[in-house]
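Structure, as structure tokens:
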Amino acid sequence: MINPFSAATDPATQPMALAGLRVLDLSGPMGNYCGKLFADMGADVILIEPPAGTRLRFEPPFLDDIAGPERSLAFAYHNTSKRGISLNLDCASGQELLRKLAATSDIMIETEKPGAMQRRGLGYEVLSKIKPGLVLASITAFGQSGPYAQYESEDLIGLALGGLLYLGGYPDAPPTRVYGNQAYLCASMYGAVAAMLALLDAESSGRGQHVDVSMQECVVLGLENAVQFYDLEGTVRKRYAGEQRFAGTGVFECKDGYIYLMAGGIGANKFWGCSVDWLRDEHMAGVERLRGNEWTQVDYLKSEEAKRIFAELFTPWAKTRTKAYLYHEGQRRHIPIAPINVPADLLENRQLNYRNHFVEVTHALRDRPMLMPGAPYKLSETPWRIQRPAPRLGEHNAEVYGEVGVSRAELERLFAAGAV
Amino acid sequence: MSKLPLAGVRVADFCWIGAGSNTTKILADLGADVIRIESSTRLDSLRMAAPYKDRKPGVNRSGYFADRNTSKRSVTINMKHRRALELIKKLIMQSDIVANNFTPDVMEKFGLGYSAVRAMKPDIIYLAMSMHGAQGPERGYLGYGAIMTSLTGLQHLTGLPGREPAGTGTNYPDHIPNPCHAAFALLAALRYRRRTGRGQYIDLAQLEPTVALLGPTILDFTVNGRNRERNGNRHDWAAPHGVYPCAGADRWIAIAAMTDAHWAALIEVLGSPAWAVVDRWMSVVARHRDSAELDRLLGLETARWSGEALMAALQARDVPAGVVQNAEDVIRRDPQLAHRGHWIMMNHAEMGEAIYNAPPFRFSRTPVQLRSPAPLLGEHTREICVELLGISDADVDELMAQEVLK
């Protein structure tokens with residue numbers, strides 16, 4: 001096929017899908033990635049921080065492991081392509097400034113507890129009178145109303161009440177969370193999708209709306225088939241780390257680390273046959289024990305006997321082979337298998353590097369650019385790109401407030417009064 | 001009632017199994033006319049994946065499949081038949097989006113690569129979401145979510161130190177990261193097309209959204225040279241932060257004491273045990289340093305409580321705490337999900353009443369609700385051929401007899 005990503009076109013001059021869209025990002029860790037998704041696709045996203053800085057500025061990892069509001073790498077990553085202003089929403093003049101900004105915006109993203117924005121005179125009813133087309137995306141732990149609406153939450157609590165935590169970890173230890181604030185990120189990702197849906201609707205109808213995203217509910221979408229197992233069979237799915245999920249599916253040790261093998265795939269497929277052929281071709285000792293008809297039955301693959309036999313045969317064989325060998329040879333045979341990589345491995349991943357996945361972004365306190373994950377999707381006409389590094393605290397105050405008619409003298413007065 | 005945001009958008013949906021079907025579910029539930037192109041000659045393997053209604057396998061009985069395919073229609077076309085392409089072309093002419101999550105080359109073999117489809121319909125938005133993307137040395141490699149979890153480092157980073165990497169226990173990237181990123185890219189492309197009339201090609205390598213979610217961890221390596229290791233439920237700086245036993249079999253509560261005030265309230269709720277009311281644990285730095293010992297002592301206290309009672313007591317004092325809910329809890333006991341109407345029961349033609357996830361967001365003006373249960377295999381073949389593609393009933397009969405519509 002022809003390559004739609006023509007090398008003759010300079011991506012830096014190509015249009016961006018969300019150009020012309022203005023987004024106010026008032027959010028904390030539950031929503032900053034949502035704002036990033038919009039910003040890296042071309043929207044003018046303005047990060048609005050309290051005068052002391054948003055919470056992510058105080059989260060590790062830090063540049064050179066030294067804490068400081070301009071040194072958080074978590075902040076630097078989740079706020080690329082945004083402009084940044086400071087604003088005190090707890091004073092009347094700050095609230096008035098936000099209403100001015102809202103009048104020029106298409107989307108506002110916020111992660112305050114339900115009711116907090118209303119109490120400041122910044123609820124959806126007020127904002128929609130100022131700008132009827134505005135989409136207000138409220139991303140909260142549990143949603144805008146209900147018995148848990150005012151509950152305190154952190155990432156771990158979202159994973160717990162959303163049910164994903166129960167599925168993670170080893171049977172002989174407490175449930176163990178998925179790494180890396182995934183509950184927050186799930187809320188951010190669904191928040192972005194929901195806000196885009198409401199935006200498309202608003203752009204055709206002229207009417208915005210209030211979007212109510214629940215982190216807990218987002219996490220529930222990640223329970224795979226656990227809910228259906230309970231509904232249809234009355235069985236409660238449990239955590240199984242350290243064991244095979246089915247015979248031939250799970251983590252196995254090899255010569256230089258671990259691999260993940262899914263010899264049976266999911267549902268009806270040809271992978272089990274391919275896997276046994278491979279082990280036979282390489283003369284794995286005892287491979288004939290995997291040949292009986294029972295090995296095509298899911299119920300048998302779930303049995304302790306099948307798992308024990310598979311591990312007895314496969315593990316000694318795999319321990320004489322490297323991650324790289326097992327990955328490439330298994331994949332050559334169309335078997336779902338992968339090495340269990342560590343972060344350093346990703347930077348050397350030939351496929352990611354072929355796609356130029358990692359991108360360089362400058363940092364004001366560093367003499368050379370930082371390397372970070374780049375485009376999560378490639379769009380042929382409107383490529384993803386980072387427009388600027390994450391803002392320093394208040395970096396764009398004069399510029400952004402100037403755009404809504406606040407003079408420099410007025411800005412200085414507001415600064416002195418603590419509004420900015 | 002306001003019309004749904006994607007009313008009037010049509011998707012020719014070649015997606016199957018996990019991430020692809022979850023992506024088009026988002027579009028379908030929000031109003032798009034998503035037409036699954038399936039075949040009994042090459043089944044979506046998820047149609048034959050447990051759990052089944054009454055534990056009886058059957059192509060229309062999998063709950064795993066059903067939940068990912070709400071609000072869609074299904075047409076069966078045998079893509080290997082020489083007459084399949086003319087039908088597909090008619091469908092594409094009336095579609096806005098063509099989506100697939102095959103490994104590269106499968107669509108080309110059907111004569112449906114991006115350039116061919118663009119020749120049929122110049123403004124088409126074409127989503128391809130293979131594991132590794134359209135080009136590159138590993139483009140033909142395949143996998144499920146758990147394979148991507150392993151490749152990206154998420155598996156390695158999840159679990160207890162000194163034990164084998166645990167991962168999420170699920171095919172996590174299939175369920176949220178890839179569907180959400182794909183849907184977001186599609187919606188952005190749709191907006192661009194509405195403004196310019198131009199379609200485009202979206203190449204989503206399913207590895208990359210999960211890498212994108214690990215940004216701070218990657219930066220910790222590229223900037224600070226640190227290769228992160230798994231660390232259970234331990235937080236980078238706060239303590240106590242973990243999962244603690246409660247009364248009952250396999251019952252647990254998650255507690256995240258982020259501040260000194262949380263800690264003070266936590267030990268008060270627990271009745272100020274002597275081991276906890278000590279100067280040495282007044283600071284978060286000290287609590288974090290001693291978190292292994294703290295976790296052990298805390299677990300002895302929490303084990304006396306029911307999880308729900310302890311959660312309520314802690315939340316009454318503004319301490320972040322939550323019961324570790326299992327599938328039964330989220331369906332049967334959780335009052336918050338019930339309040340939001342998250343669980344939707346629908347009557348499926350073969351499965352009867354079965355449970356479905358609603359989308360995890362609500363709109364103030366447009367009701368968000370599922371429009372129909374998953375389609376039976378080929379349920380809408382005749383309807384789509386006659387009403388959409390302009391084929392006569394008699395010709396449909398003939399195409400069925402020739403096993404094109406199969």
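Chain letters run A, B, ... following the sequence lines, proteins first, then strands; residues in each count from 1. Quick caveat, the model's predicted, so the values are computed rather than measured.
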Exactly one of L18(A), T382(A), L379(A) should register a side chain to side chain contact (heavy atoms under 4.5 Å, CB included) with Y192(B). Which one does? T382(A)
Using the ring of each side chain (for Trp, its six-membered ring), is Y377(A) parallel, tilted or perpendicular to F184(B), with breaks at 30° and 60°? parallel
With chain B, the option among L156(A), N349(A), L167(A) that has the most non-hydrogen atom pairs under 4.5 Å is L156(A)
Winner by heavy-atom pair count (cut-off under 4.5 Å) against chain A, out of G143(B), A185(B), A183(B): A185(B)
Does any donor atom in the side chain of Q182(A) or Y172(B) lie under 3.5 Å from an acceptor atom in the other side chain? yes
Going by atom types alone, do H342(B) and E217(A) pair a side-chain donor with an acceptor below 3.5 Å? yes
Quick one: do R194(B) and E203(A) make a salt bridge, cutoff under 4.0 Å? no
Inter-residue atom distance R355(A).CZ - Q135(B).CD, 0.5 Å rounding: 9.0 Å
Below 4.5 Å, heavy-atom pairs only: which of Q200(B), M48(B), R195(B) has the largest tally toward chain A? Q200(B)
Carboxylate-amine/guanidinium contact D299(A) R55(B), below 4.0 Å: no
Taking atom types as modelled, is there a side-chain donor on D250(B) or Y166(A) under 3.5 Å from an acceptor on the other? yes
Any donor-acceptor pair under 3.5 Å linking the side-chain atoms of H156(B) with those of Y179(A)? no
Stepwise, does the side chain to side chain contact (heavy atoms under 4.5 Å, CB included) test hold for L347(A) with I218(B)? CA-CA 9 Å; L347(A) 277 301; I218(B) 305 286; 4.1 Å; yes
Is a side-chain donor or acceptor of Q336(B) paired with a backbone partner of S145(A) at a separation under 3.5 angstrom? yes
Would you please say whether a donor-acceptor pair under 3.5 Å links the side chains of Q228(A) and Y64(B)? no
Could you state the interatomic distance from CZ (R198(B)) to OG (S380(A)), rounded to the nearest 0.5 Å? 9.0 Å
